[in-house]
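The structure appears right after this line, and notes come after that.
Each chain gets a letter, A, B and so on, in the order its sequence line appears, and its residues count up from 1. Just so you know, these numbers come straight off a predicted model, no measurement behind them.
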Protein chains: 2
Amino acid sequence: MGGVSTADRAERVPKQDRSRATRQRLLEAAVACLAEHGWAGSTVLVVAERAGVSRGAAQHHFPTREDLFTAAVEYVAEERSGALRALFPDGAAAGDRRAVVAALVDLYTGPLFRAALHLWVAASNEEQLRARVTELEARVGRESHRIAVELLGADESRPGVRESVQGLLDMARGLGLATLLTDDGPRRRRVVDQWARLLDDALGQAPDEG
Amino acid sequence: MGGVSTADRAERVPKQDRSRATRQRLLEAAVACLAEHGWAGSTVLVVAERAGVSRGAAQHHFPTREDLFTAAVEYVAEERSGALRALFPDGAAAGDRRAVVAALVDLYTGPLFRAALHLWVAASNEEQLRARVTELEARVGRESHRIAVELLGADESRPGVRESVQGLLDMARGLGLATLLTDDGPRRRRVVDQWARLLDDALGQAPDEG
DNA sequence: AGAACCATGCAGGCGTGCTTGCTTGTTTCC
DNA sequence: GGAAACAAGCAAGCACGCCTGCATGGTTCT
């Protein structure tokens, strides 16, 4: 590496330092705090303490609180996309639609969605965050739809199929929202079972699945 | 009137005073502020100013901030129940299921649901509020389900019908959640159309409707 | 040795809760 | 019936605590 390696362009890319781990821990802590303490309760000090560092360290990586949570937003989006893709890495379960629906719904009941939910609600009234959240959420939403279509073996060229999948994802969001207050697993499972059945009828046989 | 009419029991029942109007305005302002500025942005001063009274007045009616929003929770629950019952006062439209679904979804895109959403998310991390919100929301949820079943002319004795309606309401919640960030009416309408169709198939003919 | 990384101390701003004083409406006594 | 007396509604000010942002040292890696 050349001598002026510290330049590393702009602000990002802290290279292969241990500080990168600190940044990572800060982001993870921010997400965890969002899920546990909500937006107002996730102060910089709380996040820093959970990350095991001092407030100054957080200040160093993210000068302002908004910087921290803006980064957290992107981090959550990344994680959610990753969790989505990791659902069925080989697409083997594309046949069992009920399992696919259940897995999708499960994504909306975990801490990641919980954190995202807090971010949405907070961002809905914070001009700066709102833009970034809506943009990233649109991206994650599109990816969710794409993966759902793929896993379900749905043929979007047929009328109504696209809207059915969209409605399914919206239902998953609604179930996740309900889980925020009371985690009623059995109820969720019954609803998932029934809607998986309805969806199965609506989608018909998978086009290329035999 | 008897002599000791001033006794009027405990603290409640402000009788025929104008202060009752102030209390009402404070609650309305609290709900409106929740929908517009969110939980953290709905400070006592903001609510009081919107209600057109001083902060001291609000303090008089609701000693603590939590008292104010605890009352607001109940108020929102009342309003939502009322709006629900007012959907089809005569049940005349029980035949057009698409209209019923659309009306139900509309309830979840208005300012009342918006305020309720902020309350849920805030209450999910505020021990005191959480109990009251979950309790009242369970009540409103049950009433929503009951009215939905009635308006849809669904026969809950048939298997899957109950879960279908629950899923519909969850989808409505999810659509309302999505509306928080981007109000995509056309998309919502397409989803509603499709799922009204699916639901129509799932529910079959109304038992006593024709 | 230099730079990045990290920890600590300080000032400003804001929101809540409490206390004090004023206005309005109702009760009670002459 | 009218006026004093009382309570309730209402407004303004003050004290405390917390969070944010900035500035200043100390530490570790290159």
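Distance CG (A:L68) to C1' (D:dC19): 14 Å, rounded to an integer number of Å. Between the C1' atom of C:dA4 and the CZ atom of A:F62 lies a distance of 16 Å, rounded to the nearest Å. With rounding to whole Å, B:L26 atom CG is found 11 Å from D:dC10 atom C1'. Whole-Å rounding puts the B:L45 CG to C:dG17 C1' distance at 14 Å. In this entry the distance linking CD of A:E49 with P of C:dA7 reads 12 Å, nearest Å. Going from atom CZ of A:R23 over to atom C1' of C:dA4 covers 15 Å, rounded to whole Å.
Around the CD atom of A:Q24, the shell of radius 6.0 Å holds more than 12 heavy atoms that belong to other residues, nucleotides or ligands.
Axis angle between the ends of the helix from C:dA1-D:dT30 to C:dC30-D:dG1, five pairs each and rounded to 10 degrees, works out to 10°.
No side-chain N or O of B:E36 forms a donor-acceptor pair with one of B:H118 less than 3.5 Å apart.
No hydrogens or angles were tested; on distance alone, a donor-acceptor pair under 3.5 Å links the side chain of B:R55 to the base of C:dG17. Residue side chain B:R20 does not reach the base of D:dG9 through any donor-acceptor N/O pair under 3.5 Å, judged by distance alone.
Closest to the A:S54 side chain, of the nucleotides C:dT8, C:dG17, D:dC10, is C:dT8. Distances were taken from every side-chain heavy atom of A:V53 (C-beta onward) to each of C:dA7, C:dC6, D:dA12; the shortest belongs to C:dA7. For B:Q59, whose side chain is taken as the heavy atoms from C-beta onward, the closest listed nucleotide among C:dG9, C:dC18, D:dA11 is C:dC18.
At least one donor-acceptor pair under 3.5 Å links the side chain of B:R97 to the backbone N or O of B:L152. Using a distance-only test at 3.5 Å, with no hydrogens or angles considered, no donor-acceptor pair links the side chain of B:S42 to the main chain of B:H37.
Distances shorter than 4.0 Å separate none of the side-chain N or O atoms of B:H60 from OP1 or OP2 on D:dC10. The side chain of A:T43 places no N or O atom within less than 4.0 Å of a non-bridging phosphate oxygen (OP1 or OP2) of D:dC18. For the OP1/OP2 pair of C:dT16 and a distance below 4.0 Å, the side-chain nitrogens and oxygens of B:T64 include no atom meeting the criterion. Checking the phosphate oxygens (OP1, OP2) of D:dA8, no side-chain nitrogen or oxygen of B:H61 falls inside 4.0 Å.
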Tabulate below the donor-acceptor pairs under 3.5 Å that side-chain atoms of residues 131-139 of chain B make, not counting sequence neighbours, or state none.
residue, atom, partner, partner atom, Å
B:R132, NE, B:E74, OE2, 2.7
B:R132, NH2, B:E74, OE2, 3.4
B:T134, OG1, B:R130, O, 2.8
B:T134, OG1, B:A131, O, 2.7
B:E137, OE1, B:R80, NH2, 3.2
B:E137, OE1, B:W120, NE1, 3.4
B:E137, OE2, B:R80, NH2, 2.8

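Note that B:R65 lies in the cation-pi zone of B:W39, set by a 6.0 Å cut-off to the ring centre and a 45° limit from the axis.
In plain terms, the two heavy atoms of A:S144 and A:Y108 that are nearest each other are OG-OH, 3.9 Å.
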